[in-house]
Amino acid sequence: MSDYNHCAIEKKWQKIWAKNKIFESKENSSQEKYYCLEMLPYPSGNLHMGHVRNYSIGDVCARFNRMKGKNVLYSMGWDAFGLPAENAAIKNKIHPAKWTKQNISCMKEQLKALGFSYDWSREIATCDAEYYRWTQWLFIKMWEKGLVFRKSANVNWCPSCKTVLANEQVSNGLCWRCNSQTEHKDLEQWFIKITSYADELLYGHKHLQGWPEQVLLMQKNWIGKSCGTEIGFWIAGRDKKLKIFTTRPDTIFGVTFMVIAPEHELINEMKSQIVNYDKVSEYVLASSRKSNKERSSSKEKTGIRLEGVNAINPATEKEIPIFTADYVLTGYGTGAIMAVPAHDQRDWDFAKKYNVPIIEVIKGNNFGVNNCAYEGEGNLVNSGQFNDIKSTEAFDRIAQWIQEQGFGKQTVNYKLKDWLISRQRYWGTPIPMIYCKDCGIVTVPEKDLPVLLPEDVKFTGEGDSPLKTSKTFVHVKCPKCGKDAQRETDTMDTFVDSSWYYARYCDVHNNDAVFDSSKLNYWMPVNQYIGGIEHASMHLIYARFWYKFMRDLGIVKDDEPFAKLLTQGMVTLGGSAMSKSKGNIVSPDEIIPRYGADTLRLFILFAAPVEKQLDWSSDGIEGCWRFINRVWRLFYIVVNTKSVEVACQKDKDSLLKLMHQTIKKVTCDIGEKLQLNTAISFIMELVNALYVYKYHSNDDGLSLKVYETVILLMAPFTPHLCEELWQKLWHSDSISTHAWPIFDENTIKESYVEIPVQINGKLKGKITVPTDAQELEVKNIINTDNKIMLHLEGKQMLKFLYIKNEIVTIVVKNL
RNA sequence: GCCGAGGUGGUGGAAUGGCAGACACGCGAGACUCAAAAUCUCGAGUCGCUUUGGCGGCGUAUGGGUUCAAGUCCCAUCCUCGGCACCA
């Protein structure tokens, strides 16, 4: 008997898999396809347990479906552009491309050491020119479709470095490099009109039955469609209106003040009328230093009145004050609200603080009690001709009245904003646009793609986009008129790169087109997408949007890219997510030398259900190591041990039954429920049963058959071990492509079931009854059960309930 | 603040409204051993009672509710985590 040598076994099989190319896949219209996809990683340089978990789940799906006879596409790539590479360039004077390539090669080695069954011939990196060439091509198509536009937008700005900062580069309002107070600044930016697809992104949810409900809900709230009314409030004594959006037109008679965002143009326009302009502009400056999150999360709302400027409530025709307050954000609606303190808690608190009148317009029971606004429904009061009407009914009638009177109109509003994709950075896909004095904005012709990132760039962390420092990049001839022109020096948000990579996997090496649609249509949609829940509302909306755009371009045929989604839980260390930037990483390199990849994979899947957060601890890995060794030793027991006793039929029957039950449960847990932790525990139970079973090698091959089943069921989890044992069991094929075991429903069927008997909700005994027994039969059995009858003695039976094969429950009272 | 999750033994976790704690970790006992490790087998939520066969109370963050029956459904509260648009 030889010891389990994971190092040798894992290296051996990784070599064989690579040599025989068994995971490379080709389109085959006669075979059912299965596309398994994991969210592509950022090449930070080191795999952590979050990655290991993500890809272990994916590999189980891929391997399981391969054994089920499907043609599996399973690939890996790198979301290789992004901020950290540029930060490394600034700090360590290493070129972002070099840094990224080093990281990729390290992480690729780690992935290979884990034995994931990727088709490495399809690997991509979004920073490779043959990839970003097509990102640029798609961007140009988007421009041609009218989905790209330029507008001014707010960015974080460090006045000392004179550079744009990412949110991550600002902490507590200070610059990451020089600790200066940062500001907000408006810059001309590139946007993609994702809002054109807002409705479709929302209604498309009905095709996403394979998605978790919580993700759909988060997306729904993110898109934030609300039907309401846009109303213009006259500025008193001016020929000017202040436009607001409200979802509560029924409360218009209760509007006692207005609030506008500090960035609202009205402040500048009314500068000379605002009596306390100095104080107002002080407030505006202070809020420009806060992040949106800070602005909306402070419990105590602050604001300041624009003295000397009033609005007129169109319903009451009364003058009302206007405030500016930073809890009103400029990006949503019109950047201004009508405030109804009586029926909105935030407005109530604000009105109390700044001494604004509160007028009740909907009658409620506990109006004002405990300093609470009444946010429920009721009949209208103080509302002129609408008094005594129910608020639900008044909603439509007042909205209609507002429209008739010309105060405003019914409209739809979304929280979803257009997608700001330009970055003033080097390490991203260059935006393929040219500025010509005569022709304006001109796209780079297709034949000139890709627009390559230049090498001669300085990384200082200061000043404008680094691309401007290149001598070769900026100056170019206008493709239209041939005169001197300048290239766009902004690059794209990395979310653009990761919005379409799954499509490129279908046809990675295509040099003539973004992909061949026939290949894409064979593989898409992705059958199972796996990634972190943190991507619920950004990446997963961007990717869905991009796919719909490609459909409208005529190069893909479905509406949705991902049929099923699994949002895996975070792996945390000490409660917070593992990430290189936080420095709380546990690498697989710390585990594999001692325990092997198979043990690590098994452990991370066994430790918790896949969708739940998992706080990393290596306690318990010993258990998986022991289990794998048990399986290894079982080979010698099953093959060699000569039992003295002859196999007894009853034990044989129950072992066979357990085997079929286990196949059924494991197949269901992997294939349907994706409950991998319980799938593993069922296999453990079967292994335990094989250890207790006494008749190995003396039972006409039953235990050998059960053992082979164990190896097959484990193959997706611990592939190296299973390949090795499969070979030791005299098989010449690879277990990775061997057929998944099937179960027999007749063998599983039990003829008797044990069911609990409850009396007044307490468990008092158990009885064994024939499967599917009728109530009368069960009553007779209970009548012969002394223990239960003892509990019923001297009691009056009020209720007798029997749920077939489940439970008997009896309700009694004392006589 | 807003949106979305989660909270079950000493620990990770299991449980279509129907026997709470499967499977593991850790712990304890036994077997094997000169001994130890490894291995194999067995035990255990907790408190109390016990004639040592068991019996009873209490138990799924907290407080209410629905139900013959609640970890699971409803309402409220507390705590932890994820996201909030330039980290990816």
Side-chain angles (χ1 to χ4, degrees), chain A residues 39-42 44 79 81-84 87 153 155-156 164-170 189 212-215 217-222 224 291-299 301 327 331 346 415-425 493-495 498 532-539 541-542 567 569-570 572 575-577 579-582 603 606-609 611-615 617-624 626-627 629-630 633 675 677-678 680-685 688 691-692 754-763 765-766 798-801 803 806-811:
Chain A
M39 290 182 187
L40 88 175
Y42 179 78
S44 58
D79 187 15
F81 277 134
L83 189 63
N87 288 347
V155 293
N156 297 311
V164 176
L165 298 176
N167 289 339
E168 205 189 48
Q169 294 172 314
V170 180
Q189 302 277 3
E213 208 50 55
Q214 57 157 312
V215 174
L217 194 55
M218 278 191 260
Q219 291 203 346
K220 183 182 171 213
N221 292 332
W222 184 267
S291 69
N292 279 359
K293 218 181 293 178
E294 280 175 278
R295 281 170 56 165
S296 55
S297 63
S298 59
K299 199 151 192 164
K301 306 293 174 216
Y327 74 90
R346 276 199 314 191
K415 283 212 177 86
L416 184 71
K417 293 188 260 184
D418 279 323
W419 180 8
L420 193 170
I421 59 110
S422 48
R423 301 286 182 268
Q424 292 69 51
R425 298 186 207 295
D493 178 6
T494 56
F495 274 122
S498 58
I533 182 72
E534 68 275 17
H535 294 292
S537 38
M538 297 184 69
H539 163 66
I541 285 185
Y542 293 141
T567 48
M570 291 246 160
T572 57
S576 64
S579 78
K580 182 133 191 189
S581 56
K582 285 184 193 147
F603 173 61
F606 181 61
E611 71 283 354
K612 238 192 105 170
Q613 184 183 315
L614 167 63
D615 199 52
S617 150
S618 57
D619 292 354
I621 198 162
E622 202 71 42
C624 287
R626 279 207 289 263
F627 172 68
N629 278 279
R630 259 163 86 78
R633 285 191 300 272
Q675 284 191 26
N677 57 329
T678 50
I680 294 165
S681 74
F682 294 137
I683 301 172
M684 286 174 169
E685 281 177 86
N688 289 348
Y691 263 88
V692 176
E754 191 187 52
I755 60 171
V757 179
Q758 285 183 346
I759 295 171
N760 287 351
K762 301 265 180 213
L763 178 70
K766 288 183 185 183
L798 299 177
K799 200 176 246 184
F800 182 94
L801 229 104
I803 318 275
E806 285 287 346
I807 197 168
V808 171
T809 178
I810 302 168
V811 183

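In what follows, chains are A, B, ... by sequence order, proteins preceding strands, each numbered from 1.
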Q: With rounding to whole Å, what would you report as the distance between C58(B) and G53(B) at their C1' atoms?
A: 24 Å
Q: Return the orientation label for the H535(A) and F495(A) ring planes: parallel under 30°, perpendicular over 60°, tilted otherwise.
A: perpendicular
Q: Select base, sugar-phosphate, or nothing to describe what Q424(A) touches, counting heavy atoms under 4.0 Å on all strands.
A: base
Q: Which label fits G7(B), syn or anti, where anti is any glycosidic angle not within 90° of 0?
A: anti
Q: Quick check: do S498(A) and H539(A) have side-chain heavy atoms less than 4.5 Å from each other?
A: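 Heavy-atom side-chain distance check passes, below 4.5 Å.
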Q: In whole Å, what is the span from the CD atom of E622(A) to the P atom of A24(B)?
A: 15 Å
Q: Using the P atom on both, measure A70(B) against G18(B) and round to a whole Å.
A: 11 Å
Q: Using purine N1 to pyrimidine N3 plus N6-O4 or O6-N4 for Watson-Crick, or N1-O2 and O6-N3 for G-U wobble, each under 3.5 Å, what pairs with A29(B)?
A: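 Paired with A29(B), as far as the under-3.5 Å criterion goes, is U41(B).
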Q: Partner of C68(B) by Watson-Crick or G-U wobble geometry, both contacts under 3.5 Å, or none?
A: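 Per the H-bond distance test, G18(B).
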Q: From the set C86(B), A24(B), G18(B), return the single nucleotide nearest to any side-chain atom of M684(A).
A: A24(B)
Q: Taking atom C1' in both U72(B) and G54(B), what distance in whole Å separates the two?
A: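 Roughly 32 Å separates the two C1' atoms.
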Q: Categorize V215(A) for me: base, sugar-phosphate, or nothing, with a 4.0 angstrom heavy-atom threshold over every strand shown.
A: nothing
Q: Which part of the nucleic acid, if any, lies within reach of R630(A) when heavy atoms closer than 4.0 Å are counted: base, sugar-phosphate only, or nothing?
A: sugar-phosphate
Q: As a test of reading the structure: which of C86(B), A14(B), C23(B) is closest to the side chain of P609(A), going by heavy atoms?
A: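 Selected nucleotide (nearest to the side chain): A14(B).
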Q: Given the P atoms of G63(B) and U8(B), what is the spacing between them in whole Å?
A: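 These two P atoms come out 16 Å apart once rounded.
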Q: Tell me what K766(A) touches on the nucleic acid: a base, only sugar-phosphate, or nothing, going by heavy atoms under 4.0 Å.
A: base
Q: L217(A) near the nucleic acid: base, sugar-phosphate alone, or nothing, with a heavy-atom cut-off under 4.0 Å?
A: sugar-phosphate
Q: When you measure from the side chain of Y691(A), which nucleotide among C40(B), G13(B), C86(B) comes out closest?
A: C40(B)
Q: May I have the distance from L763(A) (atom CG) to A15(B) (atom P), rounded to whole angstrom?
A: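 Whole-Å distance recorded here is 21 Å.
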Q: Quick one: does E806(A)'s side chain have a donor or acceptor within less than 3.5 Å of a partner on I755(A)'s backbone?
A: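 Absent.
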Q: What nucleic acid atoms does Q219(A) come within less than 4.0 Å of, heavy atoms only: base, sugar-phosphate, or nothing?
A: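 No contact.
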Q: Tell me: CZ of F603(A) to P of G13(B), nearest whole Å?
A: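 After rounding, the gap between these two atoms is 10 Å.
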Q: Heavy atoms under 4.0 Å, any strand shown: does T809(A) hit a base, just sugar-phosphate, or nothing?
A: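 Answer is base: heavy atoms of T809(A) come under 4.0 Å of a base.
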Q: Give one of base, sugar-phosphate or nothing for F627(A), where a contact means two heavy atoms less than 4.0 Å apart.
A: nothing
Q: What distance, rounded to whole Å, do you find between the two P atoms, one in G43(B) and one in G21(B)?
A: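 Nearest-Å result for G43(B) against G21(B) at atom P: 14 Å.
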Q: Establish, with yes or no, whether the OP1 or OP2 oxygen of C84(B) is under 4.0 angstrom from a side-chain nitrogen or oxygen of N221(A).
A: no
Q: When you get a sec, tell me which of U16(B), C19(B), C23(B) is the closest nucleotide to the side chain of E806(A)?
A: U16(B)
Q: May I ask you to verify if any side-chain N or O of K612(A) is less than 4.0 angstrom from the OP1 or OP2 atom of G13(B)?
A: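 So the side-chain polar atoms of K612(A) do come within 4.0 Å of the phosphate oxygens OP1 or OP2 of G13(B), strictly under.
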Q: Mind checking if F606(A) touches a base, just sugar-phosphate, or nothing, with heavy atoms under 4.0 Å?
A: base
Q: Heavy atoms under 4.0 Å, any strand shown: does N629(A) hit a base, just sugar-phosphate, or nothing?
A: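 No contact.
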Q: Taking the C1' atom in each of U60(B) and C3(B), what is the distance between them to the nearest angstrom?
A: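 Nearest-Å result for U60(B) against C3(B) at atom C1': 27 Å.
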Q: Determine the interatomic distance between P on G71(B) and the same-named atom on C78(B); round to the nearest Å.
A: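 Pairwise P distance, G71(B) against C78(B), rounds to 24 Å.
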Q: Taking syn as any angle within 90 degrees of 0 and anti as the rest, which one fits G9(B)?
A: syn
Q: Within less than 4.0 Å of OP1 or OP2 of C55(B), is there a side-chain N or O belonging to K762(A)?
A: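 Negative; the distance criterion is not met.
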Q: Looking at A88(B), C86(B), G82(B), which one has an atom nearest to any side-chain atom of Y42(A)?
A: A88(B)
Q: May I ask you to establish whether R630(A) and Y691(A) are in a cation-pi arrangement, using a distance under 6.0 Å from NZ or CZ to the six-membered ring centre and at most 45° from the ring axis?
A: yes
Q: What does G761(A) touch in the nucleic acid at a heavy-atom separation under 4.0 angstrom: a base, only the sugar-phosphate, or nothing?
A: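 The residue G761(A) makes no contact with any strand.
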Q: Any side-chain N or O of N677(A) under 4.0 Å from OP1/OP2 of A14(B)?
A: yes
Q: What is the distance, rounded to the nearest whole Å, between atom CZ of F81(A) and atom C1' of C86(B)?
A: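 Computing the F81(A):CZ to C86(B):C1' distance gives 16 Å.
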Q: Within the pair R346(A) and C2(B), is there a side-chain N or O less than 4.0 Å away from OP1 or OP2?
A: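 R346(A) to C2(B) OP1/OP2: no side-chain N or O under 4.0 Å.
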Q: Hey, is the side chain of R626(A) poking within less than 4.0 Å of OP1 or OP2 on G26(B), counting only N and O atoms?
A: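 True: R626(A) side-chain N/O within range (under 4.0 Å) of G26(B) OP1/OP2.
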Q: Could you check whether K220(A) gets within reach of a base, just the sugar-phosphate, or nothing at all, counting any heavy atom under 4.0 Å?
A: nothing
Q: Rounded to the nearest Å, what distance is computed from the CG atom of residue D619(A) to the C1' atom of nucleotide U11(B)?
A: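 So the two atoms are 8 Å apart, to the nearest Å.
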Q: What does R425(A) touch in the nucleic acid at a heavy-atom separation under 4.0 angstrom: a base, only the sugar-phosphate, or nothing?
A: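 Base, at least one base heavy atom under 4.0 Å.
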Q: What distance, rounded to whole Å, do you find between the two P atoms, one in A36(B) and one in G30(B)?
A: 11 Å
Q: From C-beta outward on N156(A), which listed nucleotide comes closest to its side chain: C86(B), A88(B), A85(B)?
A: C86(B)
Q: A607(A) near the nucleic acid: base, sugar-phosphate alone, or nothing, with a heavy-atom cut-off under 4.0 Å?
A: sugar-phosphate
